[in-house]
Amino acid sequence: MDAYERITRNTAEVVTEEEVRELAEDPEGERVYVGYEPSGVLHLGHLLTANKLMDLQDAGMEVVVLLADVHAYLNDKGSFEEIRATADQMKEQFLAYGLDEDQTEFVLGSSFQLDEDYELDLHAMQVETSLKRAQRAMAEIQSGETPKVSHVVYPLMQALDIEYLDLDLAIGGMDQRKVHMLAREELPSVGYEKRPVLHTPIIGDLGSGEGKMSSSEGVTISMEDSTEDLEEKVNQAFCPPTRDPEGEKVHPVLELFQYHVFPRFEEVVVERPDEYGGDLVYEAYEALAADLESGELHPADAKGALASALDELIEPGRERLREIRGE
Ligand code: IYR
């Protein structure tokens, strides 16, 4: 796999391809980041972008994880004290999950976002950006129904983070795309360069294949789930024999294999008794998806392998959380 392919695999959008190709020519030492509002436990939504960060580390890039405490505060996620305590736990879980401690810089937003220069640049962005534009950028991020003043400050700060953390590339889920588009448009208006961005897909809800999988709605899998919880959730997952030809519903079981399992395992073994054809071994997602669609691989067997792979991925973080909580 060449550098461009590793950098862009499993993404939903690359902005722009030309800019990312240029980065991929010499990725060594380029700085890339994802920001997260600190929240209780990591779930698969967080881990999907973390998988992308690991690809970028493999390509030689330096990874910055922004623990966006001020952003979480602006989005009404709790008091500063609560948010900061959560940020510490989040860092521990990312490390347990497999982000390389020596290659990852964890930065707390408040460590630079309250500086005078940042603050003045933020005011310059406020002058440049229409209220409507900032509100639109927040459509998929804003918590609560009522837009607050804090919600329009939020995306402008997210844009400035790219400059202040001295980044060459920004990563986020598709829910971040409008903020990133605003950043690309507005950073030059205050004298800074725009940077390329990559967006990862949003995985559908495990139960229905619709909506987004997150801790706040629907069924998701998190670092807190026990092996039994995982088995139960995966067993109940929506798993039609074929993908929806119109592409309206996603296929959560296949998506989990594609975005969570194959990027982290060399091969996936589906254990089957001899009378049902014996074990199946897959080295690539496409082969597994083809077998599921042809009927060679039964959904129940696929789910069994999926649950045990996810369990292996979650286990170190689950253990770390238990230690932190003194359980
Ligand atoms: N908007 C993100 C959190 C966030 C991301 C980045 I990239 C920042 O620079 C700041 C905040 C979320 O919805 O979690």
Side-chain angles (χ1 to χ4, degrees), residues 11-13 15 31-50 52-53 56 61-78 80 83-84 86-87 90-91 93-94 99 104-115 118 121-122 125 134-144 147-148 150-184 186-187 192 194-203 212-217 220 222:
T11 56
E13 188 179 33
V15 187
R31 281 166 68 81
V32 53
Y33 95 133
V34 181
Y36 302 95
E37 289 182 18
S39 75
V41 281
L42 297 191
H43 57 69
L44 290 178
H46 299 109
L47 301 181
L48 189 81
T49 40
K52 179 47 52 199
L53 292 177
L56 299 170
M61 293 188 175
E62 278 175 30
V63 163
V64 178
V65 171
L66 173 68
L67 301 169
D69 56 346
V70 178
H71 282 88
Y73 183 75
L74 292 172
N75 207 13
D76 203 17
K77 300 291 173 69
F80 250 103
I83 292 167
R84 287 204 178 137
T86 312
M90 201 173 195
K91 171 180 170 182
Q93 292 168 79
F94 274 124
L99 280 182
T104 312
E105 189 186 332
F106 289 89
V107 181
L108 205 55
S110 55
S111 70
F112 64 97
Q113 291 160 345
L114 305 173
D115 291 355
Y118 187 100
D121 275 340
L122 179 57
M125 295 266 289
Q135 271 182 324
R136 268 207 311 269
M138 286 301 282
E140 294 182 49
I141 298 173
Q142 179 187 311
S143 72
K148 305 279 181 66
S150 61
H151 288 131
V152 292
V153 175
Y154 181 121
L156 308 184
M157 289 180 59
Q158 188 164 336
L160 276 183
D161 291 345
I162 299 173
E163 173 64 29
Y164 276 77
L165 291 169
D166 194 19
L167 298 160
D168 303 296
L169 176 67
I171 312 288
M174 280 298 269
D175 53 346
Q176 306 295 315
R177 76 179 302 276
K178 288 192 178 142
V179 178
H180 284 148
M181 294 309 160
L182 181 152
R184 283 176 61 85
E186 299 299 343
L187 278 176
Y192 299 127
K194 64 177 183 214
R195 320 297 153 83
V197 296
L198 294 180
H199 296 126
T200 54
I202 303 290
I203 295 214
K212 89 173 178 184
M213 191 192 298
S214 75
S215 52
S216 54
E217 28 183 314
T220 189
S222 85

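We use all heavy atoms of the structure for the numbers below, so side chains are in, but hydrogens, waters and symmetry mates are not. Order of appearance sets the numbers: ligands from 1, and atoms from 1 within every ligand.
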Colleague: Could you tell me which non-hydrogen atom of Ala159 sits nearest to which non-hydrogen atom of Met125, and how far apart they are?
Modeller: CB-CE, 3.6 Å
Colleague: Are Arg195 and Glu163 close enough that some pair of their side-chain heavy atoms sits under 4.5 Å apart?
Modeller: yes
Colleague: If you draw a 6.0 Å radius around NZ in Lys77, do more than 12 non-hydrogen atoms from other residues or ligands fall strictly inside?
Modeller: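 Above 12, so yes.
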Colleague: Run the numbers on Arg177 and Glu140 for salt bridge (Lys or Arg N to Asp or Glu O under 4.0 Å), then give the verdict.
Modeller: CA-CA 9 Å; Arg177 76 179 302 276; Glu140 294 182 49; over 6 Å; no
Colleague: Contacts table for ligand 1: protein N or O within a distance under 3.5 Å of ligand N or O, distances only.
Modeller:
| from | atom 1 | to | atom 2 | distance (Å) |
| --- | --- | --- | --- | --- |
| ligand 1 | 1 (N) | Tyr154 | OH | 2.7 |
| ligand 1 | 1 (N) | Gln158 | OE1 | 2.9 |
| ligand 1 | 1 (N) | Gln176 | OE1 | 2.8 |
| ligand 1 | 9 (O) | Tyr33 | OH | 2.7 |
| ligand 1 | 9 (O) | Asp161 | OD2 | 2.6 |
| ligand 1 | 13 (O) | Tyr154 | OH | 3.4 |
| ligand 1 | 13 (O) | Gln176 | NE2 | 2.9 |

Colleague: Is any side-chain heavy atom of Gln158 less than 4.5 Å from a side-chain heavy atom of His180?
Modeller: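 A side-chain contact under 4.5 Å exists here.
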Colleague: Determine whether a donor-acceptor pair (N or O, by modelled atom type, separation under 3.5 Å) exists between the side chain of Asp69 and the backbone of Leu108.
Modeller: no
